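Keep in mind it's a predicted model, so treat the numbers as computed, not measured. Order of appearance sets the numbers: ligands from 1, and atoms from 1 within every ligand. Atoms considered below: every heavy atom in the structure, side chains included; atoms not considered: hydrogens, waters and symmetry mates.
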Amino acid sequence: MQFWKPGTTAPGSSLDRETEAEDYAVPSAISSLSIQSQRERLPIFKHRDKLLYAIEKYGVMIVVGQTGCGKTTQLPQYLMESGWAENGNVIACTQPRRVAATSVAGRVAAEVGSILGDEVGYTIRFEDVSDKERTRILYMTDGMLFRETLVDPLLSRYSVIMIDEAHERSVYTDLLLGVLKKIRRKRPSLRLIVSSATLDATSFLDYFTASTSPEEATIVSLEGRMYPVEVAYLQEPAPDYVRKAAEVAWNINLQQGPGDILIFLTGREDIERCLEEFSDLLPTLPKHASRLVPLALHAGLSTDEQLRVFEPADRGTRKVIISTNIAEASVTIEGIKFVVDCGFVKIRVYNPTTALASLATVPTSVASATQRAGRAGRTSPGVCYRLYPASAFDALPLSTPPEITRTDMTTPILQLKSLGVDDLMKFEWVSAPPAESVLRALEGLVAAGMIGEDGRLTIIGEQIAECPVEVGVARMLFNSKELKCGEEILTIAAMTSVQDVFVIPDGAQGALAELERRKFTAEEGDHITLLNAYNAFTRYGRSSGWCKSHALSFRAMSRAVSIRAQLKKYMQRFNLPTESCEGDAKRLRQCLVSGYWRNGARWVGRRHISVCKGQSDTACAPNIGPLHTKTSFWLGDLPRNGRDQKDSDSNYHGDRTRLVSGPRRSQISG
Ligand SMILES: Nc1ncnc2c1ncn2[C@@H]1O[C@H](COP(=O)(O)OP(=O)(O)OP(=O)(O)O)[C@@H](O)[C@H]1O
């Protein structure tokens, strides 16, 4: 393999074609300008009147423009300035990922001169930083807005709803587009903005004008890009893209001028491996070179941990942010000048027959690669190093298949039914989900008593649809009433809503941490282990010092406390008692089985289980708790379904329940 050195332009490298002919802002120390001047320098500014005219005239405006031209931060402000947020109206802007919703809200609050949570706020699952009376611009995850339709089907407090990054086609973006098309028929005063990559704009236009008038929707194109991004390719594919990414970043640090580095890898494992590469390299850093500060960014981190990557690097240091695709869209990290793109992404694939989801690593799409490169040109000109040859870029698919075609439809269908969409065939899908996914989801919901024989939601189905957790977990909460174990199930529901509860580093320290974890380990399974950890945490004063000495993440535990308090309110609303099972693990296990009714499996030996549905064998996740070969019956929870947790790099979780000599399959649906 010919070795390509960063800093030299590899054969086949090219300027990002679309930027070549464009006039772009002259590089400058943009952050020293006043906020107003910064806003006026954005390419979108010269289109302000055109945009405001189109939104007045058309019901749906599809906006296409280069990354970083100002759609996400500026459009809601233009709307507010021209009166769309008067008389108590709110302007919403949805994001597929929570890091985008929180970071953009912070930026826009600063631009507007408001405290975050006042005039400008955000709402993500289990975290609402907005004020019901005062917030005029609300950034939120698409899942949160969809959930709001269950309470207010016409979304009456919003005058304009902007669906940002629509080309990513997250499952809730698709569902929202379908529901919003319906709402527009009943409430034509509502305006929609769909922000999308150029490639998909006409398909959105066709969708919104089909069976309505051609006057319903229009496309507005925004020319201009903030700064140019040079794109360089490897001459040959890298055999180990994680190592290559670290090597490229290392060479950038030695050979290039100032500017932080953003590396895109596929998931947490890659990120951890890359961090290890850096810890091997760091002791060899020459004295004259900038100090490198590697930082991880993935969905498993809490909001505060995620926001740490936005803090400026200290003098004489250079940040290297190693991220999954959660930093791919809408995110501006000031100071990023270099992007290193591994060219792959982890996507969820779902097998409706076994009701099991898994993650597959696949090449990114043209749309993704363009978004990734775009992170480098936001506050200065930048360079994007793609760790694959230019010919591989030409072979990339234009976009990733919509998530709705490869996801478990159980929760979305329950929610659609709750919205009154009884005939799923008549729902105007942007892309219809596979028939088998829909059938299996319906079958599961009927078996669980959430849908009646008439195809409509039962009372319990209605209530479960309102719970902000995945249906299986919600069902456990409801069944805890009969099984008298609400207190424990509430804790388990909260603990399974957070990630990375245990902190187990590599090496000798990891072995010690593992011993600490075992103090909480219950042979009944990982859910009871989580319960033990939570109870001990509250018993010993919820202190960070105690967490540190017991291999627990203080942040994760504190988040679980806050989620538990919020879920408790739901339980109170539905008159579900939070009584304790008083140590009766059998009742607790029955309740767990009732929740994970679709995920029963039988132990077949050698770390393999046979999934009851579909009768197929599958390997246990490597991070599953210690195994008891006597275990005859297993429950596995899927990678979590909620958009906020998923953040598109959801990890296949180890928090499986193993039931030692647990109930047989016949007891699952009972
Ligand atoms: N936190 C920030 N700090 C400094 N500049 C910022 C920040 N957030 C946004 N900007 C500036 O505002 C510009 C517009 O950002 P915005 O997110 O609105 O663009 P966009 O068109 O929505 O791009 P994308 O489609 O890539 O999300 C950025 O290119 C950057 O120059």
Side-chain angles (χ1 to χ4, degrees), residues 16 18-19 24-48 51 62-79 93-97 99-112 116 120 122 137 139 162-168 193-201 220-229 259-260 262 264 306-307 309-313 321 325-337 339 367-382 384:
D16 193 341
E18 284 158 298
T19 67
Y24 52 85
V26 182
S28 75
I30 188 165
S31 49
S32 64
L33 297 173
S34 75
I35 285 232
Q36 192 50 33
S37 329
Q38 287 183 38
R39 290 188 60 201
E40 288 174 12
R41 286 167 59 100
L42 292 176
I44 197 172
F45 184 69
K46 59 177 188 290
H47 302 281
R48 190 177 185 275
L51 288 160
I62 296 143
V63 184
V64 291
Q66 292 285 340
T67 62
C69 74
K71 301 175 291 294
T72 316
T73 54
Q74 302 308 305
L75 259 170
Q77 292 188 73
Y78 296 165
L79 294 165
C93 177
T94 68
Q95 297 293 325
R97 303 186 183 91
V99 67
T102 52
S103 66
V104 171
R107 169 69 183 181
V108 174
E111 290 190 7
V112 166
L116 183 59
V120 180
Y122 71 82
I137 297 179
Y139 288 91
M162 172 165 169
I163 306 290
D164 204 6
E165 313 297 347
H167 56 270
E168 283 200 21
I193 299 176
V194 179
S195 144
S196 156
T198 325
L199 304 164
D200 298 278
V220 177
S221 299
L222 311 172
E223 304 93 44
R225 171 195 282 273
M226 198 56 193
Y227 296 104
V229 178
D260 296 325
L262 174 61
F264 283 102
Q306 290 184 343
L307 293 181
V309 306
F310 293 87
E311 288 164 15
I321 298 162
N325 61 349
I326 71 167
E328 187 174 297
S330 288
V331 172
T332 300
I333 304 174
E334 239 191 302
I336 296 289
K337 224 171 157 40
V339 163
S368 264
T370 312
Q371 289 285 341
R372 290 180 181 187
R375 300 310 105 188
R378 297 171 84 84
T379 50
S380 64
C384 171

Heavy-atom contacts with [X] under 4.0 Å: which atoms of ligand 1 show up? List them by number with element.
X      : value
Glu165 : 24 (P), 25 (O), 27 (O)
Arg375 : 24 (P), 26 (O)
Thr379 : 4 (C), 5 (N)
Glu334 : 3 (N), 4 (C)

Between [X] and ligand 1, find which residue part has any heavy-atom pair under 4.0 Å and reply side chain, backbone, both or neither.
X      : result
Arg378 : both
Lys71  : both
Arg41  : neither
Leu42  : side chain

(message) Please determine whether any non-hydrogen atom of Gly70 lies less than 4.0 Å from an atom of ligand 1.
(response)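 The answer is yes: ligand 1 sits under 4.0 Å from a heavy atom of Gly70.
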
(request) Consider ligand 1: state whether an atom of it lies below 4.0 angstrom from any non-hydrogen atom of Cys69. (result)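 It does, in that a heavy atom of Cys69 comes within the 4.0 Å cut-off of ligand 1.
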
Looking only at distances, can you tell me whether any N or O atom of [X], backbone or side chain, sits closer than 3.5 Å to an N or O atom of ligand 1?
X      : value
Gln38  : no
Gly68  : yes
Ala329 : no

(request) With Tyr139 as reference, evaluate Asp164, Thr94, Val120 under the side chain to side chain contact (heavy atoms under 4.5 Å, CB included) test and give the passing residue. (result)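 The passing option is Val120.
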
(message) Using a strict threshold of under 4.0 Å (side-chain N to carboxylate O), is an ion pair present between Arg97 and Glu168?
(response)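 Yes.
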
Just wondering, do [Y] and [X] contact through their side chains at under 4.5 Å, heavy atoms?
X      : Y      : answer
Leu262 : Arg372 : no
Leu51  : Leu222 : yes
Arg39  : Tyr78  : yes
Gln77  : Ile137 : yes

(request) Indicate whether the side chain of Thr73 and that of Arg107 have a donor and an acceptor atom separated by less than 3.5 Å. (result)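 On atom types as modelled, these side chains do not qualify, holding no pair under 3.5 Å.
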
(request) Decide whether Glu111 and Gln74 meet the rule of one side-chain donor and one side-chain acceptor closer than 3.5 Å. (result)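 Yes, a side-chain donor-acceptor pair sits under 3.5 Å.
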
(message) Heavy atom to atom 22 (O) of ligand 1, shortest distance: which of Val63, Ile44, Ile35, Thr72 holds it?
(response)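 Looking at heavy atoms only, the winner is Thr72.
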
(request) Please lay out, stage by stage, how Asp260 and Ile321 fare under the test side chain to side chain contact (heavy atoms under 4.5 Å, CB included). (result) CA-CA 8 Å; Asp260 296 325; Ile321 298 162; 5.7 Å; no

